[in-house]
Every structure is written in structure tokens, then in C-alpha cells.
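Everything below concerns the one structure shown next.
We number each residue from 1, following the sequence as shown.
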Amino acid sequence: MNLLPGYSIRKGSTLDKALLVKFMQRTYQEQFPRQDFSHLAHTVEQYFCRDTPLWWVDEEAREEGAGGRGETFSPIACLWVGNAIDQVSGDRHPHIFLLYVIPEYRHRGIGKGLMAYIEDWATQKGYRQIGLQVFLSNTPALNLYHQLGYQEQSLWMVKSL
């Protein structure tokens with residue numbers, strides 16, 4: 001299925017755990033470059049299942065002459081969605097665990113395309129909202145989410161001990 005011209009989206013499977021860990025580590029290392037994120041393998045092992053859908057975005061190969069086959073390359077973006085419960089209303093809703101686009105593919109509409117895709121998917125499933133968490137230091141992501149109509153509902157606080 002085409003996401004945008006030149007890009008296709010495909011459903012992942014539970015066999016994609018290693019690749020999902022790699023994408024998670026890349027996204028966190030961008031925000032916290034000196035941190036070790038080997039623990040994310042345990043997070044994926046614990047939470048990734050067929051009830052937490054995963055989608056990959058592939059760049060379609062450029063056709064070369066009449067013999068082009070429309071092959072795809074390895075994934076350049078992913079979207080992993082879990083579920084959550086709104087603590088005010090009690091409604092279950094999708095929660096975006098990970099939205100990641102490889103840096104050299106950013107600013108091409110892929111992130112927006114993935115967000116439109118998940119909103120359509122959630123609407124078709126009868127959900128009334130989507131949740132996500134974003135680091136305050138991740139200004140590009142914050143800008144994208146605000147531009148798409150997402151707004152702050154709560155503040156996650158931590159205390160270092």
C-alpha cells in the first residue's frame with residue numbers, strides 16, 4: 001500500500017523484534033547520545049505482540065528502464081502502536097509507542113503520512129483519541145504533533161534519586 005508517492009507502508013510482524021529494537025535505539029540515541037539503550041530489547045520483548053501493531057515504511061526502488069521491478073529497500077521509518085486507557089474517561093485508545101523516520105528521509109512528509117495513517121486506522125476501529133509521549137527536548141516532533149492538532153493533556157514528572 002502506498003503511503004506517499006515513492007513510499008509504501010506494510011504491516012510488521014512479531015518476527016521484527018530485532019529491527020524494532022534497532023529503530024527504538026536510534027530514536028533515543030538521537031535525543032540522548034551518551035546513553036546506553038540496550039535495555040530497550042527487554043521493553044520490546046515485554047510489550048511487542050500481535051495486539052501492538054507495527055508498520056514499516058519502505059522506499060520504492062526507482063524504475064530503471066522497462067525492466068524495473070518496483071523493489072523496495074530496507075525500512076526507512078516505522079510506527080509502533082500499543083493501547084492505553086484514558087484515566088479520566090476510562091476509554092481505551094491507541095498509544096503511539098514509536099514513530100521514527102531515519103534522519104536522511106525527514107522533511108518529506110513521511111511522519112505526517114504515518115500520523116494520517118494511524119488516525120485513519122484508529123477511526124476505522126472506532127477509537128475516539130490517540131495518545132503519545134514526546135520528550136520536551138524533541139522540538140521537531142513537538143512541532144509536528146502541534147501542527148496536527150495534538151495538545152498536552154498531562155505532564156509526566158520524574159525525580160532522580
Side-chain angles (χ1 to χ4, degrees), residues 1-84 94-124 130-152 156 158:
M1 167 188 327
N2 283 342
L3 180 70
L4 296 165
Y7 301 95
S8 59
I9 187 167
R10 63 181 164 85
K11 185 108 188 237
S13 80
T14 54
L15 300 175
D16 294 331
K17 286 181 182 177
L19 188 57
L20 177 56
V21 168
K22 179 180 170 186
F23 271 68
M24 287 186 74
Q25 288 173 335
R26 285 186 74 168
T27 191
Y28 282 100
Q29 284 171 337
E30 283 183 29
Q31 294 295 309
F32 308 98
R34 291 180 285 282
Q35 193 84 12
D36 174 22
F37 289 104
S38 58
H39 66 276
L40 292 174
H42 180 70
T43 300
V44 169
E45 189 63 39
Q46 185 172 4
Y47 294 105
F48 183 46
C49 65
R50 59 187 178 104
D51 295 328
T52 60
L54 171 68
W55 291 274
W56 298 106
V57 175
D58 299 306
E59 182 180 28
E60 296 173 351
R62 309 274 188 265
E63 289 191 25
E64 307 229 353
R69 294 189 305 235
E71 298 171 8
T72 58
F73 298 115
S74 59
I76 52 95
C78 72
L79 173 66
W80 180 29
V81 178
N83 53 65
H95 181 88
I96 297 172
F97 286 153
L98 177 66
L99 170 64
Y100 183 74
V101 179
I102 291 176
E104 51 270 24
Y105 289 91
R106 293 181 184 160
H107 307 288
R108 299 182 187 189
I110 297 167
K112 279 185 185 176
L114 280 169
M115 292 302 290
Y117 182 87
I118 191 60
E119 289 175 13
D120 289 344
W121 175 86
T123 300
Q124 289 174 11
I130 295 175
L132 58 85
Q133 176 183 320
V134 61
F135 289 105
L136 291 173
S137 60
N138 193 346
T139 305
L142 282 166
N143 290 340
L144 171 67
Y145 299 138
H146 283 137
Q147 184 181 49
L148 296 174
Y150 287 76
Q151 53 192 327
E152 294 83 0
W156 180 39
V158 295

Test salt bridge (charged side-chain N to carboxylate O under 4.0 Å, His left out) applied to Arg106 - qualifying residues, sequence neighbours left out: Glu30

Set of salt bridge (charged side-chain N to carboxylate O under 4.0 Å, His left out) partners for Glu119, sequence neighbours left out: none

Is there side-chain contact between [X] and [Y], with heavy atoms separated by less than 4.5 Å?
| X | Y | result |
| --- | --- | --- |
| Met24 | Tyr100 | no |
| Val81 | Ile130 | no |
| Trp55 | Leu3 | no |
| Trp56 | Leu19 | yes |
| Glu59 | Ile102 | no |
| Lys112 | Leu4 | no |

To the nearest 0.5 Å, how far apart are [atom1] in [X] and [atom2] in [Y]?
| X | Y | atom1 | atom2 | result |
| --- | --- | --- | --- | --- |
| Leu79 | Met115 | CG | CE | 7.5 Å |
| Ile118 | Leu99 | CD1 | CG | 10.0 Å |
| Glu45 | Thr14 | CD | OG1 | 10.0 Å |
| Cys78 | Asp58 | SG | CG | 11.0 Å |
| Leu54 | Leu20 | CG | CG | 5.5 Å |
| Asn143 | Leu148 | CG | CG | 11.0 Å |

Smallest separation among heavy atoms of Gly111 and Val101, with atom names: N-CG2, 4.1 Å

Over all atoms of both residues, closest heavy-atom pair of Ile110 and Ala77: CG2-CB, 3.9 Å

Those residues that, when tested against Thr52, pass side chain to side chain donor-acceptor pair (under 3.5 Å) (two or more places apart): Trp80

Derivation and outcome, side chain to side chain contact (heavy atoms under 4.5 Å, CB included), residues Thr43 and Phe97: CA-CA 11 Å; Thr43 300; Phe97 286 153; over 6 Å; no

Should we say atom [atom1] of [X] is surrounded by more than 12 heavy atoms from elsewhere, each under 6.0 Å from it?
| X | atom1 | answer |
| --- | --- | --- |
| Phe32 | CZ | yes |
| Lys22 | NZ | no |
| Gln29 | CD | yes |

Parallel, tilted or perpendicular: rings of Phe135 and Tyr28 (30°, 60°): perpendicular

Pair Gln25, His39: side-chain N/O donor-acceptor within cut-off below 3.5 Å: no

Under 3.5 Å donor-acceptor, Asp16 side chain and Ser13 backbone: yes

